[in-house]
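Lettering follows sequence order; numbering is per chain, from 1.
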Number of protein chains: 2
Amino acid sequence: MNPPLPRRTERGGARRGGADQAGGADQTARDIAAAWERERPGTPATSIGIVTPIWQLAKLFGDDRRRVLARAGVDSATLDLLSVLRRSGAPYTLSTRELGRRSMITPGAISQRVARAEREGLVTRVPGEGRPRTVQVTLTRAGHDLVEATVDQVLGREADLVSGLTPDQQAQLTELLDVLLADVQRRLGDGRLTQVGYD
Amino acid sequence: MNPPLPRRTERGGARRGGADQAGGADQTARDIAAAWERERPGTPATSIGIVTPIWQLAKLFGDDRRRVLARAGVDSATLDLLSVLRRSGAPYTLSTRELGRRSMITPGAISQRVARAEREGLVTRVPGEGRPRTVQVTLTRAGHDLVEATVDQVLGREADLVSGLTPDQQAQLTELLDVLLADVQRRLGDGRLTQVGYD
DNA sequence: GGTGTTACGTTTAGGGCTAAATGAAGGCCT
DNA sequence: AGGCCTTCATTTAGCCCTAAACGTAACACC
């Protein structure tokens, strides 16, 4: 028994009762929530409809961006650093502290990102005048040029990817995501990255 | 002078014209889109309102989940593997291929995940009967127990995080995310993970 | 004016992932 | 039959990140 397993999962195929092999499709949030309810009645599955697609979309967007950038010989992390500096406007300088906050990564990661970018001549690093042990990072000409050469490609590509939604839907989605994000940030303690707190 | 730097960025502070230091706040998608428009008029910024908050939310959810799981001595990647198997129902067995599809990671990553989990006694790996070079992965008792002990914690926590939205908003958001996800998957070539295609 | 604290950035150890190279087993075609 | 191509999983090299340990430098307080 057991036909050699169709090479490609056929959508809308015979949805068997057991649901053991997940009939076909891509394991949507709906499938996952239903599976938990079937396997462990009472599992708190209410968040799945939101968290799972967000996670999957972020993965798809991220993977796609990486591939687009690989053609240009950059990696996402470096372009993110350069973009933050570029967006900040002339003189394209920010403290490492500020960079970390805007990129949502740890101080250690910032150190490494900046070190890599500096090694490639995309940014320079100078001791901050004002405050004690701070470091100011500035975009070089090469870094500036690299942003100009790639950012439209990345953003244009992503605009295509979300173009399946009507402008109305896009606006609605943006609004809801903003509300959720603001609320989640508040619950997680706003600025603090590395701490949840109850211990 | 110079009060030791307010520990917390004050929101709604004096928003200076130059916008160079981004007054305060957390660099919302709106800020980012406005910054591009200011710095490079014509930059295709329409996707930012959607892609950026999705990315940030995924990061916040992911970081938080990692911290919750660290207390239980597991990592997110391993729990993801175990959860997929657990949800599939008895006999808690799936092929590595299927695991990769459901977790959206490359075959190499699956090999490593399974190897780690096997080393810890959470799953077993046996050659697939039916097809040639396939491998079937099965949850062990220890793996099953670990899921039971942690999944409610993780999902409950995430339910809290999204509870700031009204049930209506949650339903609306879920719906929009589903539509977007389905469309993006279609555009990226559905199942294929590692390929965008135009070369 | 010492001394402890606090605030920084950096370094290190280790984990996880991707992409590409590798190896092995069928299937297909002539 | 033999050769080629395809399909799997695994291995390897390299990247990026987190968490924690470090090393400093400025304050603050007594």
Rounding to a whole Å, what distance do you find between Leu69(B):CG and dG16(C):C1'? 15 Å

Which part of the nucleic acid, if any, lies within reach of Thr96(A) when heavy atoms closer than 4.0 Å are counted: base, sugar-phosphate only, or nothing? sugar-phosphate

Separation of atom CG in Leu99(B) from atom P in dC8(D), rounded to whole Å: 15 Å

Without decimals, in angstroms, what is the distance between Gln136(A) CD and dG9(C) C1'? 13 Å

Using distance alone, with no hydrogens and no angle criterion, decide if Thr78(B) and Asp75(B) have a side-chain donor and acceptor under 3.5 Å apart. yes

Looking across every strand, which nucleic acid part, if any, lies under 4.0 Å from Ala109(A) by heavy atom: base, sugar-phosphate, or nothing? base

Check this for me: does any side-chain nitrogen of one of Glu98(A) and Arg102(A) sit under 4.0 Å from a carboxylate oxygen of the other? yes

Please give, in whole Å, the distance from dA13(C) P to Asp75(B) CG? 21 Å

Any side-chain donor-acceptor pair under 3.5 Å between Asp160(A) and Ser163(A)? no

Please report, rounded to the nearest Å, how far the C1' atom of dA19(D) is from the CD atom of Gln112(A). 12 Å

So, is Lys59(A) close to the dG16(C) phosphate, meaning a side-chain N or O under 4.0 Å from OP1 or OP2? no

Between the side chain of Thr140(A) and the main-chain N/O of Gly121(A), is any donor-acceptor distance below 3.5 Å? yes

What integer distance in Å separates Met104(B):CE from dC17(C):C1'? 14 Å

Restricting both atoms to N or O, compile the protein contacts to nucleotides 23-26 of chain C shorter than 3.5 Å, with distance only.
from    : atom 1 : to        : atom 2 : distance (Å)
dA25(C) : O4'    : Arg133(B) : NE     : 3.3
dA25(C) : O4'    : Arg133(B) : NH1    : 2.8
dA25(C) : O4'    : Arg133(B) : NH2    : 2.7
dA25(C) : O3'    : Arg133(B) : NH2    : 3.1

Contacts of Ser103(A) that satisfy side-chain contact (heavy atoms from CB on, under 4.5 Å) - sequence neighbours left out: Asp80(A), Val84(A), Ile105(A), Arg113(A)

